[in-house]
Amino acid sequence: MTIEQIVFSAVTDVLKTLYDIDAEKGLIQLQNTRKDFKGDITLVVFPFLKYSKKSPEDTAFEIGTIIRKNVKEVESFNVVKGFLNIEFENGYWIKELENARQNTHFGISATNKNAELVMVEYSSPNTNKPLHLGHIRNNLLGFSLSEILKANGYKVVKTNIVNDRGIHICKSMLAWLKWGKGQTPENTGKKGDHLLGELYVEFDRHYKQEIAGLLEKGLSQKEAEEQAPSILEARDLLRKWESGDIEVVELWKTMNGWVYNGFDITYRRLGVDFDKIYYESDTYLVGKDEVLRGLQEGIFYEKDDGSVWADLTSEGLDHKLLLRSDGTSVYITQDIGTAKLRFHDYSINKMIYVVGNEQNYHFQVLAALLDKLGYKWGKGLYHFSYGMVELPTGKMKSREGTVVDADDLMEGMVKVARDMAKELGKLDSLTEEEAKKIYEIIALGALKYYILKVDPKKNMMFNPEESIDFNGNTGPFIQYTHARIQSVLRKSAEKKLAVDKNLTNYPEKLSFKEKELIKRIVQFPEVVKEAGGNYSPAFIANYCYELAKEFNQFYHDHPIIGENDKSVRELRLLMSAVVGKVIKDGMSLLGIEVPDRM
RNA sequence: GCCUCGGUAGCUCAGUUGGAUAGAGCAACUGCCUUCUAAGCAGUAGGUCAUGGGUUCGAAUCCCGUCCGGGGUACCA
């Protein structure tokens with residue numbers, strides 16, 4: 001039992017005997033004791049005053065006295081104002097530590113057969129440009145969230161919906177036909193997604209020039225945008241694609257293939273993957289059929305120009321376009337189709353969409369539409385809405401070239417990691433290949449931690465001018481702590497100082513730092529649970545940092561291998577091993593690897 | 001305009017269901033490597049928690065107003 005559970009139940013009993021009240025939820029407030037007071041857990045007694053009719057101090061004292069008598073693990077207590085600080089005996093903490101070591105599922109639940117199935121959609125790229133920092137945040141959050149849900153016992157299917165059709169890809173195709181013909185990833189040496197990104201920019205350059213020309217001829221901005229030859233040609237390509245024109249479809253397949261090869265490289269380096277990939281080209285017609293069914297059943301309505309709409313005013317939303325007047329589908333149409341296919345393919349208990357908060361409205365609408373169409377799971381979909389990554393110059397925009405490219409960013413980080421390691425001379429004894437692997441782990445660790453430590457809901461700032469830190473509250477700090485621990489464990493093994501299977505003989509006293517460290521270790525399962533309940537990788541990241549920091553303080557103050565007292569030495573070795581394990585498990589929930597040396 | 005999210009140290013961020021003296025890191029300054037990895041540890045300095053009210057034993061946290069910023073707002077995705 002956790003210390004919270006023990007004290008909670010004890011306090012419940014005390015309240016009954018002392019004041020004859022049945023504690024309702026929220027009445028018993030427990031918190032970790034602040035470090036500057038003596039104790040492990042603190043009960044806030046203010047809520048009991050109206051029952052005790054005594055001062056906060058007296059109330060705390062009488063509760064403390066009984067708890068001390070009733071709970072054998074309680075060593076002592078003290079009262080500060082309305083706060084009852086309770087201290088547990090060392091034996092309790094040692095036992096908890098042992099449990100953390102022995103329990104192979106410490107903090108990480110095994111999935112059972114009856115577990116609920118959660119589908120997590122993330123990444124969802126367009127195939128006309130390479131991935132950028134915004135996608136990185138999405139991918140890392142989606143992957144980490146999936147790992148955290150698994151650790152909480154859910155079955156998880158990671159899925160990706162690839163936006164492989166539509167006007168955007170036609171723009172890149174047109175640019176290739178007109179200005180880039182003959183270029184391939186092979187003969188240019190460019191990554192496929194980057195090649196398409198360049199073509200897309202090329203299209204936009206021409207398009208803008210044409211608009212400028214038309215504006216000079218006296219057309220309005222809107223007219224110019226509609227009548228520029230490039231956009232007309234791109235639309236023509238889209239129509240040909242939709243009608244199955246063999247040449248256009250072949251080109252589309254080829255160019256998308258280039259992009260997928262590029263994406264695969266980025267995904268692999270980033271360490272994310274998917275169990276099932278959907279393509280919009282397969283789902284948009286399903287969505288269209290669903291909309292037409294809704295129209296037939298009178299759920300939706302048609303305007304004079306032929307466009308199809310949903311009236312969502314009764315849900316507090318607005319009227320929403322579902323099919324354009326020319327019969328083509330819009331963004332939300334394909335989401336309807338994709339949802340239908342997914343629930344057909346899997347028995348999903350919960351659907352989570354990892355999509356930026358700019359689409360909050362979109363997902364409210366989607367939930368309402370699915371509900372109207374008769375899907376019982378429609379209202380239960382969860383939009384994991386995360387904040388934007390902002391640059392000092394503002395929002396990232398692909399077309400304006402103000403994006404931080406995912407591949408460039410990772411490559412740059414690896415370079416920094418390499419330079420730093422060489423400067424410190426840490427990896428000189430390793431082969432170049434081994435060292436390279438570690439640079440990669442450190443660089444990606446720095447990047448991932450930097451992104452994931454921030455509350456997902458909030459916008460975050462990234463300044464490309466300042467490189468991401470490797471010191472302080474960072475991924476490498478935590479990785480370093482792990483490497484340091486492994487180093488100690490290696491040395492202790494060489495000296496045959498390893499700990500027994502069971503720690504039978506433990507010291508009477510724990511130092512302040514030792515106990516603080518054990519307390520921190522023991523929190524891990526609760527943190528995993530909260531991270532799952534709140535969909536927040538940041539909880540895990542912050543915990544890992546606190547744990548690593550706690551260990552480093554302990555490490556600085558206490559010899560481990562050099563300790564002469566056998567029982568103390570073994571306890572410290574054991575603590576080190578458990579911290580190493582928890583760091584490794586915790587970081588893996590963030591998709592971050594930890595090296596054994598660095 | 002309306003809807004929505006946010007504003008905590010110079011910068012980037014934490015801050016649990018409202019609890020004790022609001023915390024980290026970076027940047028600045030000071031110490032600590034003949035002893036288990038100094039990508040570390042310890043210290044100094046840095047705050048009107050945007051702002052004005054309210055709720056109460058107690059507010060960064062809850063409520064209302066104001067200011068500032070992001071996002072959305074019917075044929076982009």
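Throughout, a chain's letter reflects where its sequence line sits, starting with A, and its residues are numbered from 1. Heavy atoms only: backbone and side chains are in, while hydrogens, waters and symmetry mates are out. This is a predicted model, so every value here is computed, not measured.
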> Could you walk me through whether A:E225 and A:K208 pass the salt bridge (Lys or Arg N to Asp or Glu O under 4.0 Å) check?
CA-CA 9 Å; A:E225 282 173 11; A:K208 285 221 170 89; over 6 Å; no
> Just call it for A:L317: base, sugar-phosphate, or nothing, with non-hydrogen atoms closer than 4.0 Å on any strand.
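No contact.
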> With respect to the phosphate group of B:rA39, does any side-chain polar atom (N or O) of A:Q479 fall under 4.0 Å of OP1 or OP2?
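For A:Q479, the contact criterion (side-chain N or O under 4.0 Å from OP1 or OP2 of B:rA39) is not met.
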> Heavy atoms only: give me the nearest A:L196-A:S172 pair and the separation to one decimal.
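Heavy atoms of A:L196 and A:S172 come nearest at O-OG, 3.4 Å.
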> Measuring only the P atom in each nucleotide, how far is B:rG10 from B:rA45? A whole number of Å is fine.
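About 16 Å, rounded to a whole number of Å.
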> B:rG15 P sits how many Å from A:N534 CG, rounded?
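Atom CG in A:N534 sits about 10 Å away from atom P in B:rG15.
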> Any side-chain heavy atom of A:Q334 sitting closer than 4.5 Å to one from A:N163?
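Sidechains of A:N163 and A:Q334: in contact.
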> Provide the distance between the two P atoms, one in B:rG58 and one in B:rG54, to the nearest whole Å.
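About 13 Å, rounded to a whole number of Å.
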> I want to confirm an ordering. Mapping A:F462 and A:N360 to their closest nucleotides on RNA chain B, which one lands closer to the 5' end?
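Result: A:N360.
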> Measure the distance from OH on A:Y450 to P on B:rC13 and round it to the nearest whole Å.
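About 6 Å, once rounded to whole Å.
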> Atom CZ of A:R418 and atom P of B:rA39: how far apart are they, to the nearest Å?
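It works out to 19 Å between those atoms.
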> Taking atom C1' in both B:rU66 and B:rG19, compute the distance separating them and give it to the nearest angstrom.
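To the nearest whole Å, 29 Å.
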> Pull up the glycosidic torsion of B:rC33 and say syn or anti, syn being anything within 90° of 0.
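Syn, which is what one calls it when the glycosidic angle falls within 90° of 0.
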> Do A:R34 and A:D36 sit within salt-bridge range, that is, some charged N less than 4.0 Å from a carboxylate O?
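Looking at A:R34 and A:D36, the cut-off is met.
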> Between B:rC41, B:rA39, B:rA14, which nucleotide has the shortest distance from any of its atoms to the side chain of A:M420?
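Comparing B:rC41, B:rA39, B:rA14 against the side chain of A:M420, the answer is B:rA39.
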> For every nucleotide of nucleotides 32-37 of chain B, 5' to 3': is a protein heavy atom under 4.0 Å from its base (B), only from its sugar-phosphate (S), or from neither (-)?
----BB
> Once each nucleotide of nucleotides 68-77 of chain B is scored for protein heavy atoms under 4.0 Å, what B/S/- sequence comes out, 5' to 3'?
--SSS-BBSB
> Heavy atoms under 4.0 Å is the rule here; annotate nucleotides 19-26 of chain B 5' to 3' with B where the base is hit, S where only the sugar-phosphate is, and - elsewhere.
BBS-SSSS
> Check A:E516 with A:K549, please: is the shortest side-chain N to carboxylate O separation under 4.0 Å?
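Here A:K549 does not pair with A:E516 in a salt bridge, since their nearest N and O are not under 4.0 Å apart.
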> From CG of A:D455 over to P of B:rG6, roughly how many Å is that when rounded to an integer?
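Rounded to the whole Å, the gap is 9 Å.
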> Does the distance from a Lys or Arg side-chain N to an Asp or Glu carboxylate O, for A:E233 and A:K171, drop under 4.0 Å?
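No, this pair does not count.
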> Please report the distance separating the C1' of B:rC29 from the corresponding atom of B:rG46, rounded so that it comes out in whole Å.
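Their C1' atoms lie roughly 12 Å apart.
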> Considering non-hydrogen atoms only, spot the tightest contact between A:L49 and A:P56 and give its length.
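The pair with the smallest heavy-atom distance is CD2-CA, 3.6 Å.
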> Once Watson-Crick and G-U wobble pairs under 3.5 Å are found, how is RNA chain B written in dot-bracket notation, 5' to 3', with | for any base paired to another strand?
(((((((..((((.....[...)))).(((((.......))))).....(((((..]....))))))))))))....
> Check A:T333 against A:L323 and note the closest heavy-atom contact, atom names and distance.
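Nearest heavy atoms, A:T333 then A:L323: CG2-CD2, 4.1 Å.
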> For A:E514, check side chain to side chain donor-acceptor pair (under 3.5 Å) against everything at least two apart and list the hits.
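Partners of A:E514 by the side chain to side chain donor-acceptor pair (under 3.5 Å) criterion, ordered by chain and then number, come out as A:S511, A:R572.
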> Provide, to the nearest angstrom, the distance between the CD1 atom belonging to A:I441 and the C1' atom belonging to B:rA39.
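About 15 Å, once rounded to whole Å.
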> Using the C1' atom as the reference point in each nucleotide, state the distance between B:rC49 and B:rA14 in Å, no decimals.
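Taking atom C1' in both B:rC49 and B:rA14, they lie 13 Å apart.
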> Work out how far the P atom of B:rG52 is from that of B:rU8, and round it to whole angstrom.
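The answer is 16 Å between these two P atoms.
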> How far, in whole Å, is B:rA50 from B:rA39 if one measures between their P atoms?
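Per the computed distance, 37 Å lies between those P atoms.
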> Whole-Å distance between B:rA39 P and A:I583 CD1?
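For the pair A:I583 CD1 and B:rA39 P, the rounded distance is 16 Å.
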> For residues A:F83 and A:T33, determine if any side-chain heavy atom of one lies less than 4.5 Å from a side-chain heavy atom of the other.
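A:F83 does not reach A:T33 side chain to side chain.
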> For A:Y51 and B:rC57, give me the distance from atom OH to atom C1', rounded to whole Å.
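Computing the A:Y51:OH to B:rC57:C1' distance gives 15 Å.
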> By side chain to side chain donor-acceptor pair (under 3.5 Å), which residues pair with A:H556, not counting sequence neighbours?
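For A:H556 there are no side chain to side chain donor-acceptor pair (under 3.5 Å) partners, ignoring immediate neighbours.
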> Assess whether a salt bridge exists between A:K519 and A:E550, defined as any Lys/Arg side-chain N lying under 4.0 Å from an Asp/Glu carboxylate O.
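Answer for the salt bridge query: no.
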> Please check if atom CD in A:E440 has more than 12 non-hydrogen atoms from other residues, nucleotides or ligands closer than 6.0 Å.
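It does: A:E440 CD has more than 12 such atoms within range.
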> Provide, to the nearest angstrom, the distance between the OH atom belonging to A:Y543 and the C1' atom belonging to B:rC13.
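Taking OH of A:Y543 and C1' of B:rC13, I get 21 Å after rounding.
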> Is the A:F363-A:Y382 ring centre distance short of 6.0 angstrom?
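Ring centroids of A:F363 and A:Y382 are no less than 6.0 Å from each other.
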> Would you check if there is a donor-acceptor pair between the side chains of A:D469 and A:T474 at a distance under 3.5 Å?
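The answer is no; no qualifying pair exists.
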> Using a cut-off of 4.0 Å on non-hydrogen atoms, how would the nucleic acid contact of A:F477 be classed: base, sugar-phosphate, or nothing?
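Result for A:F477 = sugar-phosphate.
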> Are A:F477 and A:F470, when compared by the centres of their aromatic rings, separated by less than 6.0 Å?
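When the ring centroids of A:F477 and A:F470 are compared, they turn out to be at least 6.0 Å apart.
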> Distance between the P atoms of B:rU21 and B:rA28, in whole angstroms?
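B:rU21 and B:rA28 have their P atoms separated by 33 Å.
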